[in-house]
Amino acid sequence: MDYQKASLKDFENIGQPIRQRAKDFFLYSSYMTENRLNNYRLALESGTGASITLNQKNDFGKNDFIGFISNDYLGFSHHPKVLEAGQEALYKYGAGAGASPLIGGLLDIHQSLEHKIASFFGREDAITFTSGFGTNAGVLSTLLGQSDLAILDMFVHTSVIAGCSKTNVKRFLHNDIASLEHILETTSNKYANKVIVVDGVYSQDGDIAPLDEICKLSKNYDAFLIVDDAHGIGIWGDTGRGILESFSALGLVDLITGTFSKTFGSVGGYAVGNKEVINLLKYFANENIFSAAATPQSAGSIAKAIDLIDEEPFWRSRIWENIIHFRKGLESIGIDFGKSNSAIFPIMIRDNERAMKIADFLFQNGVFVNPILYPAVPQKQSRLRMSVLAVHTIEQLDKTLNLLEWAFKKQ
């Protein structure tokens, strides 16, 4: 096999003997690492953020980097008040819950967190999960069966697709309202339930869903609407309630899902809606009832992070200042970042090998970014995925812009 031209797609053949498949992929991944074409699964000696420390050095002997890999958009994972709240919960309740929420692992701090995140969105109730992936997978696998239809935007998160493995699925063109309406029209009265699932902000392209039009269609065609706004909360909306708030649609969707691992700076996920649907999920969502409840420390930290959205709104102002600065810088040097309108910047390279080489150039010069390659994106959509944070300094952003300009000229 020509490893230089290979990709992860070449190792997806699950019909191959497991040992042989594993051996072939080990040789490929070793080749990529040895030739500095692989910067995945690099361990950090620090937490993630605007400044990070890796456990390996670049060619200049440095292991301190400007980081664009984190989705901790407001820097709350290191906020003193968040750390203090987590520490208090750790010492009060211990390191773990010891059981699933259904059979004894539900602590009052978990229950308080569910009430707090529901109130944050102005909804009746919430259920929490130990991962954002598990949230979407658990919600959808619980609500949808063989007689139902999931209608998905083509770019929804993988967790959504995982949750729809036991139901019927149709996918509409990305952010294309006409394509969505066509599916709704042609499936009228053919399924017990039709459920539309979209992201608020799309995780690879950084663009946003036209939620005003999607809400209208869901109502007109009596479809259940779920919006995963993992990347919009804390950034979008007058009070940080996300894309739905921007479209005045917080009360117009059936379920809001999201994660605590981004703006809230911790780990886990949530679904928010009316009390009847949430109660159903609390008794039937396997990802909740067969998993130990979240650590008390994470619940305490998250609860404080939710408060900080309102208590310290200047973090939202700061991230928008950085987003606008970085966007203007990219535009001034002629770098294509697609249709991004968020803190996520897809730096379009459109070639796997070149994307990896530019990522390595940045790494050697003190900037750590993730290349997103085929088959995660189409062949001609390879890019660097960069997340701008509220805690990036202007100096860090400008250094990165200068390096990007140089890399695009030389690589």
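In this text the structure is predicted, and so the values were computed from the model without any measurement. What you see below is based on every heavy atom in this structure, not just the backbone, and it leaves out hydrogens, waters and symmetry mates. Sequential numbering from 1 along the given sequence is applied to the chain's residues.
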Six-ring centre of Phe408, Arg354 cation under 6.0 angstrom, axis tolerance 45°: yes
Side chains of Asn322 and His392, donor plus acceptor under 3.5 Å: no
No-hydrogen, no-angle side-chain donor-acceptor test under 3.5 Å, Gln381 and Tyr374: no
Where Arg318 and Ala390 come nearest, the two heavy atoms and their spacing: CD-O, 3.1 Å
Backbone N/O of Ile69 and side chain of Asn370: donor-acceptor pair under 3.5 Å: no
Donor-acceptor pair between Asp148 and Asn168 side chains, under 3.5 angstrom: no
Pair Phe345-Phe326, ring-ring contact (aromatic ring centres under 6.0 Å, His included): steps then yes or no: CA-CA 9 Å; Phe345 286 86; Phe326 200 65; 5.2 Å; yes
Trp236 ring center within less than 6.0 Å of Trp320 ring center: yes
Residue pair Ser51 / Gln396, side-chain donor-acceptor N/O under 3.5 Å: yes
Any side-chain donor near an acceptor of the partner, Tyr202 and His231, under 3.5 Å: no
Thr33 versus Ser30, side-chain donor and acceptor atoms under 3.5 Å: no
Donor + acceptor pair across side chains of Glu287, Thr135 (<3.5 Å): no
Donor-acceptor pair between Asn136 and Thr257 side chains, under 3.5 angstrom: yes
Any side-chain donor near an acceptor of the partner, Tyr191 and Asn193, under 3.5 Å: no
SB check Glu405 Lys410 (cutoff 4.0 Å): no
Residue pair His115 / Asp125, side-chain donor-acceptor N/O under 3.5 Å: no
Under-4.0 Å salt bridge between Lys81 and Asp307: no
No-hydrogen, no-angle side-chain donor-acceptor test under 3.5 Å, Asp351 and Ser382: no
Arg241 to Phe120, cation-pi by 6.0 Å centre distance and 45° axis angle: yes
Distance, nearest 0.5 Å, that separates CG of Asp205 from CZ of Phe155: 5.5 Å
